[in-house]
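Note that the structure is predicted; figures quoted are calculated from it, not measured.
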Amino acid sequence: QVQLVESGGGLVQTGDSLRLSCAVSGRTFGRYTMGWFRQGPGKNREFIAAITWSSGSTRHSDSVKGRFTISRDNAKNTVWLQMNSLKPEDTAVYYCAASDFTGLPISRTLYAYWGQGTQVTVSS
């Protein structure tokens with residue numbers, strides 16, 4: 001079993017930055033690809049970014065590429081999402097997730113473990 005706990009959300013203004021954290025605990029986290037998703041009001045949950053735990057390869061969605069960066073620290077069992085140049089359309093609940101699949105999956109169905117989410121609100 002894997003437990004994921006997100007933190008770092010909040011209310012910010014357009015153009016501000018936030019860094020979300022995801023603390024990972026449980027068995028063999030070295031096997032998992034870690035991902036960040038978000039779900040805005042009235043929207044489906046969408047893929048934002050993923051990182052392999054072993055090699056550190058990353059993938060970001062087009063909607064956040066160049067503004068958001070996923071990273072991890074294996075020693076601290078933590079994954080981060082650095083969010084810069086935030087826009088009102090980035091307002092959503094952000095979720096951390098873990099996948100057993102190799103590579104950098106973007107489908108939420110391939111992520112077996114999820115955190116409880118953290119709210120990010122960007123005011124205009």
Side-chain angles (χ1 to χ4, degrees):
Q1 190 70 16
V2 177
Q3 293 80 42
L4 309 173
V5 179
E6 304 98 331
S7 62
L11 172 63
V12 297
Q13 295 184 334
T14 298
D16 284 351
S17 297
L18 273 178
R19 189 175 78 158
L20 305 184
S21 298
C22 175
V24 184
S25 60
R27 63 177 179 86
T28 323
F29 18 73
R31 297 171 44 188
Y32 297 103
T33 288
M34 301 300 299
W36 284 98
F37 289 74
R38 70 184 179 188
Q39 188 165 12
K43 297 181 180 180
N44 294 325
R45 192 169 300 187
E46 65 168 329
F47 169 82
I48 295 298
I51 186 167
T52 58
W53 204 263
S54 55
S55 69
S57 298
T58 63
R59 181 177 190 173
H60 298 80
S61 69
D62 289 342
S63 62
V64 305
K65 197 172 294 183
R67 299 189 299 125
F68 292 10
T69 303
I70 189 170
S71 61
R72 89 281 189 257
D73 186 326
N74 289 352
K76 295 182 178 180
N77 300 329
T78 301
V79 178
W80 293 282
L81 184 68
Q82 177 67 43
M83 305 187 296
N84 299 328
S85 303
L86 283 162
K87 306 174 182 179
E89 51 264 43
D90 294 319
T91 294
V93 178
Y94 283 72
Y95 297 90
C96 177
S99 173
D100 286 325
F101 286 80
T102 58
L104 296 162
I106 64 172
S107 172
R108 64 178 182 173
T109 61
L110 298 182
Y111 289 80
Y113 305 100
W114 293 84
Q116 82 287 353
T118 185
Q119 176 71 46
V120 172
T121 302
V122 185
S123 64
S124 57

For the pair Met34 and Leu4, evaluate side-chain contact (heavy atoms from CB on, under 4.5 Å) and give the outcome as yes or no after the intermediate values. CA-CA 10 Å; Met34 301 300 299; Leu4 309 173; 3.8 Å; yes
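Residue pairs meeting the ring-ring contact (aromatic ring centres under 6.0 Å, His included) criterion with at least one member in residues 64-101, sequence neighbours excluded, do not occur. Contacts classified as salt bridge (charged side-chain N to carboxylate O under 4.0 Å, His left out) and involving residues 82-99 (residues at least two apart or in different chains) are given here: Arg38-Asp90, Arg67-Asp90. Screening residues 71-103 for disulfide (SG to SG under 2.5 Å) gives Cys22-Cys96 as the qualifying pairs, with residues at least two apart or on separate chains.
The distance from the CD atom of Gln39 to the CG atom of Asn44 is 7.0 Å, given to the nearest 0.5 Å. Here Gln82 contributes atom CD and Thr69 contributes atom OG1; the two are 7.0 Å apart, rounded to the nearest 0.5 Å. Rounding to the nearest 0.5 Å places CZ of Phe47 at 6.5 Å from CD1 of Ile106. In this structure, Lys43 NZ and Thr91 OG1 are separated by 9.0 Å, a value rounded to the nearest 0.5 Å.
Both Met83 and Val12 are part of a single hydrophobic cluster, where members link through side-chain heavy atoms under 4.5 Å apart. Linking Ile, Leu, Val, Met, Phe, Trp and Tyr whenever their side-chain heavy atoms come within less than 4.5 Å puts Val79 and Tyr113 in one cluster. One hydrophobic cluster holds both Trp36 and Val120 under the rule that ILVMFWY side chains link at heavy-atom gaps under 4.5 Å. Grouping the Ile, Leu, Val, Met, Phe, Trp and Tyr side chains by contacts below 4.5 angstrom, directly or via other members, places Leu86 with Val64.
Listed for the His60 side chain is no donor-acceptor partner under 3.5 Å among the backbone atoms of Gly66. A donor-acceptor contact shorter than 3.5 Å links the side chain of Thr52 to the backbone of Ser57.
Between Ser107 and Pro105 the shortest side-chain heavy-atom distance does not fall below 4.5 Å. Proximity of Pro88 to Thr14: side-chain heavy atoms (C-beta onward) are separated by under 4.5 Å at one or more points. Residues Thr33 and Thr102 fail the side-chain proximity criterion, which asks for heavy atoms closer than 4.5 Å. In this structure, Asp16 and Val122 have side chains that are not in contact, with every pair of non-hydrogen atoms separated by 4.5 Å or more. A 4.5 Å side-chain heavy-atom check between Glu6 and Leu20 finds every atom pair outside the cut-off.
Listed by chain and number, the residues in a side chain to side chain donor-acceptor pair (under 3.5 Å) with Ser17 are Asn84 (sequence neighbours excluded). Contacts of Asp73 classified as salt bridge (Lys or Arg N to Asp or Glu O under 4.0 Å), with partners at least two apart in sequence or in another chain: none. Partners of Ala97 by side chain to side chain contact (heavy atoms under 4.5 Å, CB included), not counting sequence neighbours, listed by chain and number: Phe37, Tyr111, Trp114.
The number of heavy atoms from other shown groups lying within 6.0 Å of CD (Gln119) is above 12.
Looking at every heavy atom in both residues, Glu46 comes nearest to Ser63 through OE1-OG, 4.2 Å. Of all non-hydrogen atoms in Gly8 and Thr118, the two that sit nearest each other are N-OG1, 4.3 Å. Taking every heavy atom of both residues into account, Trp53 and Asn74 meet most closely at NE1-OD1, 2.9 Å.
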